[in-house]
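Here the structure is laid out as structure tokens; the discussion comes afterwards.
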Amino acid sequence: TLRQALRDYRFWFMAVGLFFCSGLLTGMVTNLVPLLQERGNSASDAAMIAAVFGVAVIIGRIAVGFLLDRFWAPLVGASLMFPAALAAVALALLDPGMTACIIIVFIAGLAGGAEVDLMAFLTARYFGLREFGRIFAGVYIAFALGPGVLVVVFGRLRDLSGSYQSGLLASAAGIALFGALLLCLGPYPSSTTPAARTK
């Protein structure tokens with residue numbers, strides 16, 4: 001039930017991780033064009049690089065959907081989140097050329113595409129289907145609140161520091177936190193596995 005889920009640490013690990021990951025990843029993406037222009041890219045090049053993110057989101061959705069049926073979902077998620085966090089660090093601390101920027105944005109996009117798939121799949125596997133809609137809605141609230149709060153924080157960090165570096169490092173931390181929390185979810189409960197439900 002929803003009440004049982006709210007007493008389960010895994011619900012809060014998912015909610016907190018999604019709040020920071022979705023919020024700070026969105027902050028990075030919505031500021032991507034001015035960020036790239038600040039690094040010396042033309043407006044057209046910056047827009048083209050930003051478009052790569054959308055393509056990567058679609059690929060990430062398809063790939064993650066395929067992988068979730070075959071591997072432990074938290075490991076699938078973490079394997080995308082940690083590289084995305086490193087990509088944000090690279091964008092913050094290095095001066096990548098256009099090709100490197102495309103690769104960095106593509107890696108971040110794969111993580112962005114994974115979030116919603118992971119959220120739905122993990123909710124079903126850890127909390128079952130009895131009150132899936134209510135529990136998923138609770139997790140989704142955290143996912144939706146993240147951008148509403150943290151995109152503003154990302155922009156404020158830019159105003160205070162005069163560069164996007166601090167926001168990018170914060171994004172890296174938020175994405176990595178979600179990856180780490182995923183790995184702390186533990187094995188699926190036996191009561192929610194397909195084999196258990198068919199017995």
Side-chain angles (χ1 to χ4, degrees), residues 14 17-69 73 76-123 136 139-155 157-158 163-165 167-179 182:
M14 288 169 55
L18 283 163
F19 174 84
F20 283 103
C21 182
S22 68
L24 291 166
L25 186 57
T26 302
M28 183 173 75
V29 173
T30 54
N31 288 277
L32 196 54
V33 171
L35 186 158
L36 292 169
Q37 287 182 280
E38 192 176 81
R39 300 293 178 85
N41 294 279
S42 67
S44 59
D45 285 349
M48 187 188 73
I49 295 169
V52 170
F53 184 88
V55 175
V57 166
I58 296 171
I59 295 172
R61 288 272 173 88
I62 296 170
V64 168
F66 176 83
L67 293 171
L68 290 180
D69 288 331
V76 173
S79 68
L80 292 171
M81 297 306 151
F82 291 135
L86 290 175
V89 171
L91 201 55
L93 301 181
L94 305 178
D95 187 18
M98 186 169 178
T99 301
C101 283
I102 289 172
I103 295 171
I104 287 169
V105 171
F106 185 82
I107 292 171
L110 292 177
E115 290 175 315
V116 176
D117 285 359
L118 282 168
M119 184 166 49
F121 189 89
L122 291 171
T123 300
F136 180 77
V139 176
Y140 192 88
I141 288 171
F143 172 80
L145 278 176
V149 174
L150 297 177
V151 169
V152 178
V153 173
F154 190 101
L157 288 172
R158 167 67 177 82
S163 78
Y164 286 103
Q165 185 180 79
L168 288 168
L169 293 175
S171 296
I175 297 167
L177 174 65
F178 183 41
L182 285 174

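What's counted below: heavy atoms across the whole structure, side chains too, no hydrogens, waters or symmetry copies.
- Arg61 places no side-chain N or O within donor-acceptor distance of the main-chain N or O of Val116, the cut-off being under 3.5 Å.
- Shown here for Val33 and Ala50, the closest heavy-atom pair between the two residues is CG2-CB, 3.9 Å.
- By the 4.5 Å heavy-atom criterion applied to side chains, Leu18 and Val139 are counted as neighbours.
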task: Evaluate the side chain to side chain contact (heavy atoms under 4.5 Å, CB included) criterion for residues Tyr140 and Thr123: first the C-alpha distance (whole Å), next the side-chain angles of each, then the deciding distance (0.1 Å), finally the verdict.
output: CA-CA 10 Å; Tyr140 192 88; Thr123 300; over 6 Å; no

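- Minimum interatomic distance between Cys21 and Glu115 (heavy atoms only, all atoms of both residues): SG-OE2, 3.2 Å.
- Panel note: side chain Asn41, backbone Ala46; no donor-acceptor pair is recorded below 3.5 Å.
- In this structure, the side chain of Ser171 does not engage the main chain of Leu25 through any donor-acceptor pair within 3.5 Å.
- The two atoms that bring Pro83 and Ala78 nearest to each other are CD-O, 4.0 Å, heavy atoms only.
- Distance check, rounded to the nearest 0.5 Å: CG of Leu182 to CE of Met81 gives 6.5 Å.
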message: Run the side chain to side chain contact (heavy atoms under 4.5 Å, CB included) test on Asn31 and Arg158 for me, step by step, so that the C-alpha distance in whole Å, both residues' side-chain angles and the decisive distance to 0.1 Å come before the verdict.
response: CA-CA 10 Å; Asn31 288 277; Arg158 167 67 177 82; over 6 Å; no

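- Between Cys101 and Leu91, the shortest heavy-atom distance links the atoms SG-CD1, 4.3 Å.
- Separation of atoms CG (Leu150) and OG1 (Thr26) is listed at 9.0 Å; rounding is to 0.5 Å.
- The backbone N or O of Phe143 lies less than 3.5 Å from a partner atom in the side chain of Ser22, making a donor-acceptor pair.
- The heavy-atom pair separating Gly65 from Asp117 by the smallest distance is N-OD2, 3.8 Å.
- Contact between Leu80 and Ala111 at its shortest, heavy atoms only, is O-CB, 3.9 Å.
- Annotation: the span from Ile103 atom CD1 to Ile49 atom CD1 amounts to 11.0 Å, rounded to 0.5 Å.
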field: Residue pair Leu24, Ile175: steps toward the side chain to side chain contact (heavy atoms under 4.5 Å, CB included) verdict
entry: CA-CA 8 Å; Leu24 291 166; Ile175 297 167; 5.6 Å; no

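- Between atom CD1 of residue Ile104 and atom CG of residue Leu94 there is a gap of 7.0 Å, rounded to the nearest 0.5 Å.
- Rounding to the nearest 0.5 angstrom, the gap separating the CG atom in Leu32 from the CG atom in Leu168 is 9.0 Å.
- Here the CZ atom belonging to Phe53 is positioned 15.0 Å from the CD1 atom belonging to Ile102, to the nearest 0.5 angstrom.
- Counted within 6.0 Å of CZ on Phe121, heavy atoms from surrounding residues, nucleotides or ligands total more than 12; the atom is thus considered enclosed.
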